[in-house]
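Report on the following structure.
The residues of the chain are indexed from 1 along the displayed sequence.
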Amino acid sequence: MSTQIDYYELLECERTADAGTIKSSYRKLAMKYHPDKNAGCKDSEAKFKAVSEAYDVLKDPQKRAAYDRFGHAAFQNGGGGGGHAGAGDFSGFSDIFESVFGEFMGGRGGRQQARRGADLRYDMDVSLEEAFHGKQTEITVDVSAECDTCHGSGAKPGTHAATCRQCNGHGKVRAQQGFFVVERTCPVCQGSGQVIADPCNDCRGEGRVDKTKTLQVNIPPGVDEGTRIRLTGEGEAGPRGAPAGDLYIFLHVKRHAIFEREGTTLFARAPISFTTAALGGSLSIPGLDGRTHEIKIPAGIQSGKQLRQRGAGMPVLQGRGQGDLVVQIDVETPTKLSTRQRELLELFRETETGDECPASHGFFAKLKGVFAGE
């Protein structure tokens, strides 16, 4: 090929064209001049190599900048614009590193591995009751799924992908740069080792199309905020039959009117009258498990005291047993009193000795001692 032909002219693009325009033009020309579609035609083969070389330079921002400034001289005599090392040399060094160490790192050995489809995320809200009992539900997601027409191959039915003649199916091509042999991803097949001359009309050679899928989801008992459920293979389909990614469902537990949660422990605040606090009694609290739990209140309980009911909390996720229910007591002072109630309280106050409320009696005794200089 003639190295003096302008790369932009080869790709039929303006010098101001963006990366997407250059890529689109290259794909069109590569399909037009590919040797598989022009068997035995030397002119087409030469044209194919020329547009591939042009695209290899213009797709790289650093190489393109060097070409815009120095022209073809930027890549002669070892590159770098007249023999001087430039920014474009670092990409070549990266390829050299991969060429030397690729076999040890798993990067060599023929055709590149098929690109796995992307993982997806789905956020789901559940109530605390649903988190307690678990549930079966359905979700609807929009994903790229395998094309039913070509079954993911990307080729029109009745045809098949052919081995890329540019790289002979290896997915990579080699080029001499001074004393080094540089190995790069094949610009024709993008590393797959195969090309599709007659792509599927429905997926345009991608092997996947956009679909809406309805999936069954099993939420186990005991899930918590941020619990992640993975549906293997339900993410984006990979291109041309490559494995699909996974779908991750992130659970968010909605706030409950009564209970708060910390791990497997449930917390609730229960206001009681000061007479119940003084004389003792019991509380009936409906649990998430459907049972009514009787909480015994000892006489003389103070506000802020926590009472624990074993086994009345949240179930252990993927395990056995349940956590506890913790009830915090809040002693409520009456705000409305009848005449009779007030009389009784006045009578109670007249008969107080201080021993009834040892904490307050001790506090005021200390105050007296401090101000008396004791």
Side-chain angles (χ1 to χ4, degrees), residues 1-15 17 19-60 63-64 66-68 70-79 81 88 91-92 95-96 98-99 108-112 150 153-156 158-201 204-206 239-240:
M1 55 165 265
S2 174
T3 57
Q4 301 306 310
I5 301 177
D6 184 77
Y7 284 157
Y8 292 98
E9 181 181 342
L10 281 171
L11 294 179
E12 301 178 1
C13 292
E14 299 291 336
R15 300 186 74 85
T21 301
I22 291 175
K23 182 177 182 179
S24 176
S25 181
Y26 164 70
R27 286 185 172 180
K28 180 179 67 175
L29 294 171
M31 292 291 293
K32 179 180 179 181
Y33 296 112
H34 197 279
D36 289 342
K37 298 187 66 174
N38 304 274
C41 180
K42 297 296 183 181
D43 290 341
S44 295
E45 183 176 350
K47 191 73 171 179
F48 177 79
K49 291 181 179 179
V51 298
S52 297
E53 178 182 316
Y55 179 65
D56 186 56
V57 171
L58 299 185
K59 72 177 181 179
D60 187 306
K63 290 182 181 179
R64 183 178 178 180
Y67 178 76
D68 288 344
F70 300 107
H72 292 87
F75 309 103
Q76 295 172 355
N77 300 322
S91 62
D95 291 331
I96 294 169
E98 182 181 355
S99 177
R108 295 284 301 278
R111 183 183 305 173
Q112 287 187 338
C150 65
S153 69
K156 184 178 291 186
T159 66
H160 56 82
T163 301
C164 177
R165 297 182 63 177
Q166 179 74 7
C167 63
N168 294 320
H170 294 291
K172 295 184 178 181
V173 292
R174 293 183 176 183
Q176 188 80 30
Q177 283 192 357
F179 296 102
F180 298 98
V181 176
V182 178
E183 189 174 68
R184 294 189 176 93
T185 300
C186 177
V188 178
C189 65
Q190 304 300 320
S192 68
Q194 294 184 324
V195 293
I196 298 176
D198 200 1
C200 171
N201 292 330
R204 299 180 182 180
E206 277 290 308
R240 298 184 185 179

Arg204, CZ: over 12 other non-hydrogen atoms inside 6.0 angstrom: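 Incorrect, the count does not exceed 12.
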Lys32 atom NZ, neighbour heavy-atom count above 12 within 6.0 Å: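 It does not: Lys32 NZ has 12 such atoms or fewer within range.
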How long is the gap from [atom1] on [X] to [atom2] on [Y], to the nearest 0.5 Å?
X	Y	atom1	atom2	value
Leu11	Glu53	CG	CD	10.5 Å
Thr21	Glu12	OG1	CD	13.0 Å
Lys172	Gln166	NZ	CD	15.5 Å
Cys13	Lys23	SG	NZ	13.5 Å
Ile196	Cys150	CD1	SG	7.5 Å
Arg240	Gln194	CZ	CD	8.0 Å

So Tyr26 and Tyr55, would you call those rings parallel, tilted or perpendicular, with 30° and 60° as cut-offs?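 Aromatic pair Tyr26/Tyr55 classed parallel.
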Does any non-hydrogen side-chain atom of Ile22 lie less than 4.5 Å from one of Arg64?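 The answer is yes, as the side chains (C-beta and beyond) meet within the 4.5 Å cut-off.
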For the residue pair Val188 and Cys167, establish whether any side-chain heavy-atom pair is separated by less than 4.5 Å.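 Not in contact.
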Shortest non-hydrogen contact from Leu10 toward Ala50: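 Between these two residues, the closest heavy atoms are CD1-O, 3.8 Å.
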Minimum heavy-atom separation for Ala161 to Ala155, with atom names?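 Closest approach of Ala161 to Ala155, heavy atoms only: N-CB, 4.2 Å.
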Going by the rule side-chain contact (heavy atoms from CB on, under 4.5 Å), which residues pair with Asp198 if we only count those two or more places apart in sequence or in a different chain?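 With neighbours one apart ignored, the set is Lys156, Thr159.
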Would Leu29 and Lys47 satisfy side chain to side chain contact (heavy atoms under 4.5 Å, CB included), going step by step from the backbone distance to the final call? CA-CA 9 Å; Leu29 294 171; Lys47 191 73 171 179; over 6 Å; no
Return yes if a side-chain donor-acceptor contact under 3.5 Å exists between Tyr7 and Asp68, otherwise no.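 No, because no side-chain N or O of Tyr7 sits under 3.5 Å from a partner of the opposite role on Asp68.
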